[in-house]
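Each remark here refers to the structure printed beneath this line.
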Amino acid sequence: MVEIKTDQSIDEMRAAGRVVAQALAAVRDAARVGVSLLELDRVARGVLAEAGAASPFLGYRPHFAPVPFPGVICASVNDAIVHGIPDDRRLRDGDLVSIDCGARLGGWVGDAAVSFTVGRPRPADLRLIGTAEAALAAGVAAAVPGNRIGDIAHAVGSVCRDAGYGIPEDFGGHGIGRSMHEDPGVPNEGRPGRGMKLRPGMVLAIEPMVMAGGRDDYRCDGDGWTLRTVDGSRAAHAEHTVAITADGPSILTTL
Ligand code: MG
Ligand code: MG
């Protein structure tokens, strides 16, 4: 079931989204060589607490997970694609970091992710991150009334494939609202003109993931959460929560 949100609900979701954007900005600001992933998680916890928001990540336990998620951010470094558990690992020069964060405020959820480097960046990593961001922008631009889910999927996937990158199979974006994961699914690759028609009031999390090695398969760590590339190549992730409105796409997870 796809819930169509009222204008007022979208405004309330924007408030939740703003908290996510604030948390991601604070984490990015704090991330430097020598800082641990747990410290970054504490930074995000502070922003959520200050805003009176809860975390939809903390304690989350989908069907595939052996243990509830222990953090308020996913921190995925280098060959980790998504779902990295924030631990005492300290960031090193040249690391590529993907941070995913959610917030629940007033009963509504926001969900967004950013990727960045710490220390001296590798040019290949900047290109990888730039591609994830460009794929996200293309997906957002396709999120207009009258288009279909397949148009978003095609827009996202084309940018990633044109750059020669792999796209992890089975993972993609999703509807979002009172729950973090709602219908419909938003694949990161697909055929234009296919799938559910987009209507004003639909809110979607669009989240391209790219893998530098060009393969589409991945493996899961022993922790049951962290997804990694199978070839050790690096990965990047970008995500926004986006409302489809009569005036076009509106990004909710922004300052
Ligand atoms: Mg997310
Ligand atoms: Mg998401």
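Remember, it's 1-based here, ligands and their atoms both numbered in the order they're listed.
The angle that D111 OD2 and H174 NE2 make at the Mg ion (ligand 2), rounded to 10°, works out to 90°. Taking the Mg ion (ligand 2) as the apex, the angle formed with OE2 of E207 and OE2 of E239 is 90°, to the nearest 10 degrees.
Linking Ile, Leu, Val, Met, Phe, Trp and Tyr whenever their side-chain heavy atoms come within less than 4.5 Å leaves I176 and V20 in two separate clusters. Note on V82: it does not cluster hydrophobically with F57, by side-chain heavy-atom contacts below 4.5 Å among ILVMFWY residues. I99 and V33 fall into different hydrophobic clusters, defined by Ile, Leu, Val, Met, Phe, Trp and Tyr side-chain heavy atoms under 4.5 Å apart, directly or through other members.
Looking at D100 and the Mg ion (ligand 1) together, the shortest N, O or S contact belongs to OD1.
Here the closest non-hydrogen pair linking E39 and G34 is OE1-O, 4.3 Å.
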